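Here is the structure we will look at, set down as structure tokens.
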Amino acid sequence: MQDNPILQVKNLNKQYGPSCSICTGSGKRQIEKNYCPHCQTVYACRDISFELHEGEILGIVGESGSGKSTLMKCLYFDESVTDGEAYIGSYENGQTNVFEESSQHQRYIRNYILGMVYQNPILGLKMDFSSVGNIAEKLIAAGNRRVNHMEARSKELLEHVHIPLARMKDEPKKFSGGMQQRVQIAKALSNNPPILLLDEVTTGLDLSVQASVLDLIKRIQRELGISMLVVSHDLAVIRMLADRTIVMLGGEIIEEGLTDQILEDPQHAYTQQLVYSLI
Ligand code: ADP
Ligand code: MG
């Protein structure tokens with residue numbers, strides 16, 4: 001693809017812990033998977049680089065603990081990176097490493113350019129606010145002030161994700177898991193972000209509910225053309241959604257390519273295991 005990427009990530013590293021001479025020592029690191037048994041440092045993301053293009057859904061698949069959520073949290077500035085770069089096409093022409101921006105600028109990026117859907121709705125929603133209020137919160141963060149407009153927009157968004165009109169004023173704590181994820185999606189979409197981050201959005205939902213949320217994500221992508229990073233431990237979810245896929249293991253990218261290609265001809269032993277377990 002020739003167009004400028006909407007998001008470019010270069011050599012993102014995130015470690016939890018101090019590191020020591022054994023895990024940073026000359027040449028090869030003495031670590032087990034992503035962990036240094038000597039100083040207990042976790043290398044959650046190791047040299048992650050990729051590009052996300054306009055209108056694309058990029059899947060990130062990997063087992064539990066492979067660093068997927070850490071990557072998403074770094075991109076949404078919930079966590080600070082240890083080092084690395086990220087450039088956003090619609091922010092300063094993609095010329096500024098957003099990880100080096102001030103927290104004020106990072107807040108701007110979160111509010112105007114990114115939408116995030118967390119695996120755990122408690123992280124993304126205020127469970128005691130009305131659903132409309134949850135969306136208004138994000139609209140206010142993005143500079144909206146007109147109450148009537150915000151209420152109308154919130155209703156429109158909730159309708160879009162098929163929350164019944166009669167329940168729009170209800171608090172998310174009264175909703176089922178699938179409905180909570182729908183409200184999170186509506187909230188994430190409220191500021192028309194060019195980039196949507198979705199972390200295990202269907203994990204833990206019943207299969208039928210999972211299917212309806214996946215349909216919703218596909219419909220949003222089709223109608224709004226938003227670029228998305230979709231994270232899941234479940235290759236079946238990734239297969240349904242992603243044009244291209246990255247496979248993570250122990251904090252590293254071990255394989256990437258067109259999703260169809262990865263499904264047909266997985267190269268890495270771990271990816272092969274993932275693909276064969278689908279059948
Ligand atoms: P995934 O989302 O793929 O399951 P995570 O990104 O949640 O993986 O975790 C990656 C690794 O980072 C795991 O080994 C996890 O234990 C570790 N980790 C995540 N958060 C922290 C933290 N706050 N402190 C220490 N280690 C963490
Ligand atoms: Mg996770």
Side-chain angles (χ1 to χ4, degrees), residues 7 9 11-20 22-24 29-50 52 57-84 86 99 114-125 177 180-181 184-185 188 195-205 210 213-214 217 228-242 244-256 259 262 268-271 273-275 277-278:
L7 172 68
V9 175
N11 304 106
L12 184 157
N13 284 286
K14 175 64 182 178
Q15 72 183 60
Y16 295 103
S19 63
C20 67
I22 293 184
C23 54
T24 56
R29 282 174 165 171
Q30 300 292 313
I31 63 173
E32 290 167 12
K33 265 197 161 175
N34 64 357
Y35 179 73
C36 174
H38 189 250
C39 66
Q40 274 95 50
T41 293
V42 177
Y43 292 90
C45 292
R46 298 195 272 163
D47 263 333
I48 302 293
S49 300
F50 64 87
L52 175 69
I57 300 187
L58 179 62
I60 301 178
V61 69
E63 64 187 17
S64 173
S66 57
K68 308 179 300 296
S69 292
T70 302
L71 172 61
M72 300 292 264
K73 286 178 186 161
C74 288
L75 293 174
Y76 200 60
F77 311 116
D78 283 335
E79 298 271 4
S80 54
V81 296
T82 305
D83 53 62
F99 292 143
L114 301 176
M116 173 73 146
V117 178
Y118 294 94
Q119 171 173 2
N120 186 345
I122 286 176
L123 295 177
L125 296 175
Q180 290 175 349
Q181 290 310 57
Q184 269 210 92
I185 292 170
I195 302 172
L196 194 58
L197 309 171
L198 301 149
D199 190 2
E200 305 270 11
V201 60
T202 60
T203 301
L205 302 178
Q210 183 168 331
V213 173
L214 293 175
I217 294 167
M228 302 187 192
L229 276 184
V230 175
V231 161
S232 181
H233 70 282
D234 185 351
L235 190 55
V237 167
I238 298 296
R239 173 171 63 179
M240 276 196 66
L241 294 177
R244 269 192 320 125
T245 295
I246 284 172
V247 185
M248 285 182 71
L249 185 65
E252 293 181 301
I253 294 179
I254 54 159
E255 184 158 352
E256 63 180 299
T259 308
I262 285 179
H268 193 284
Y270 171 72
T271 319
Q273 192 188 324
L274 267 186
V275 172
S277 68
L278 265 187

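Throughout, residue positions are numbered sequentially from 1 according to the sequence presented. Values reported hereafter were calculated over all heavy atoms of this structure, with side chains retained and with hydrogens, waters and symmetry mates removed. In listed order, ligands and their atoms are each counted from 1. All of these numbers come straight from a predicted model, not from anything done at the bench.
Side-chain contact check for Cys45 versus Cys74: every heavy-atom pair is 4.5 Å or farther apart. For the pair Tyr76 and Leu71, the minimum side-chain heavy-atom distance is 4.5 Å or more. Under the 4.5 Å side-chain criterion, counting only non-hydrogen atoms from C-beta, Val237 is in contact with Gln210.
Defined by atom type and a distance below 3.5 Å, a donor-acceptor pair is missing between the side-chain atoms of Ser19 and Thr41. Using a 3.5 Å distance cut-off with no hydrogens or angles, the side chains of Asp78 and Tyr118 do pair a donor with an acceptor.
Under the salt bridge (charged side-chain N to carboxylate O under 4.0 Å, His left out) criterion, Lys14 pairs with Glu79, sequence neighbours left out. Residues satisfying the salt bridge (charged side-chain N to carboxylate O under 4.0 Å, His left out) test with Glu252, not counting sequence neighbours, are Arg46.
No donor-acceptor distance shorter than 3.5 angstrom exists from the side chain of Gln180 to the backbone of Pro121, with no hydrogens or angles considered.
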**Asked** How far apart are the C-alpha atoms of Asp47 and Asn13, what are their side-chain angles, what is the distance that settles it, and do they pass the side-chain contact (heavy atoms from CB on, under 4.5 Å) test?
**Response** CA-CA 5 Å; Asp47 263 333; Asn13 284 286; 3.5 Å; yes
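Inside a sphere of radius 2.8 Å centred on the Mg ion (ligand 2), the protein N/O/S atoms present are Ser69 OG.
Enumerated by chain and number, the residues approaching ligand 1 to less than 4.0 Å through a heavy atom are Tyr16, Asn34, Val42, Ala44, Glu63, Ser64, Gly65, Ser66, Gly67, Lys68, Ser69, Thr70.
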